[in-house]
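One structure is given here, and the rest of the page talks about it.
Here the structure is a predicted model, which means the values were calculated and not measured. Positions are given from 1 along the sequence.
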Amino acid sequence: MQLLKDKILNEARVINDTVLLVDTFINHQVDPELMQEIGKTFSAIYKMEGVTKVITIESSGIAPALMTALMLNVPLVIARKQKSITTQDNIYTEKVVSFTKQQTNDVTVAQKLLQASDRVLIIDDFLAHGEAALGLARIVEKSGAKVVGIGIVIEKVFQLGGRKLQDAGYRVDSLARIENMSSGKIIFAEKNPIYASPKL
Ligand code: 5GP
């Protein structure tokens, strides 16, 4: 998605080999027009898949996930990272290692929000090692619902989460795929994602 790639090149900051700061357009300040385009793009990719729900983890996946849900005309489920006094008894829980916080969270979803008949699209802002997406996929599957795909705004291909998810049998669609940023310069992967190469 060219608009997204341009935004990344113009505004994202490489913090180190593995972390990209996108706080002016995705996860601190949000660019609504970009989010709308992201939502349109995911909805075009998945429009024939009979998606009944979109799911994301709080918090930075919410903006692209909400726009996708709006375009697909389905509800958005936001999995919670922290239990609060409003957390109900009937919940699905999965442990998810947070890439940015380097801690394990209990991610929860109320059981009433997922039915076995649901066809669920997972959306997140980043794909690194695939922990967040796998945790969500496990929650969806606990309910008996089907994961129709995983839509990612920015995939860091070199961290191999995409390969892990594909090896686990999931469809992954990423709007921008970064192959390398170790020199401080962002290099996008084009036709050959690393995870599409033969397994070592
Ligand atoms: P994973 O679970 O795939 O290892 O990491 C994905 C999660 O970590 C995403 O939900 C995202 O919030 C966060 N994340 C991963 N890499 C980055 C990054 O380079 N920058 C930012 N801002 N968040 C990231």
Would you kindly confirm whether [X] and [Y] end up in one hydrophobic cluster when ILVMFWY residues are joined by side chain heavy atoms under 4.5 Å apart?
X	Y	value
L121	L66	yes
V19	V157	no
L4	F188	yes

Answer yes when [X] and [Y] have at least one side-chain N-carboxylate O distance shorter than 4.0 Å, and no when they do not.
X	Y	value
K146	D118	no
E131	K164	yes
R138	E94	yes

So does N73 have more than 12 non-hydrogen atoms from other groups sitting under 6.0 Å from CG?
->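 Result for CG/N73: open.
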Has E33 got more than 12 heavy atoms of other residues, nucleotides or ligands less than 6.0 Å from its CD?
-> no
What's the shortest heavy-atom distance between [X] and [Y], and which atoms?
X	Y	answer
T18	F99	O-CZ, 3.8 Å
I152	D125	CG2-O, 4.2 Å
K95	D106	NZ-OD1, 2.7 Å
I150	Y170	CD1-CB, 3.7 Å
A63	V30	CB-CG1, 3.9 Å

Check: [Y] main-chain N/O paired with [X] side-chain donor or acceptor under 3.5 Å:
X	Y	result
E58	K81	yes
S143	A145	yes
K53	V74	no
N180	S182	yes
T56	I123	yes
S174	E155	no

Sole candidate of L136, I55, V140, L165 that passes side chain to side chain contact (heavy atoms under 4.5 Å, CB included) when paired with V147 = V140
Using the side chain to side chain contact (heavy atoms under 4.5 Å, CB included) rule, pick out the option among D23, T24, V22 that qualifies with Q29.
->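 The option that passes is T24.
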Roughly how far, to the nearest 0.5 Å, is the CD atom of Q111 from the CG atom of L114?
->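 Result: 9.0 Å between the selected atoms.
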Looking at side-chain heavy atoms only, is the closest gap between L127 and V153 below 4.5 Å?
-> no
Report yes if some heavy atom in the side chain of T68 is under 4.5 Å from a heavy atom in the side chain of Y46; otherwise report no.
->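 Not touching, per the 4.5 Å side-chain cut-off.
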Using only heavy-atom distances, determine whether the side chains of K156 and Q159 contain a donor-acceptor pair under 3.5 Å.
-> yes
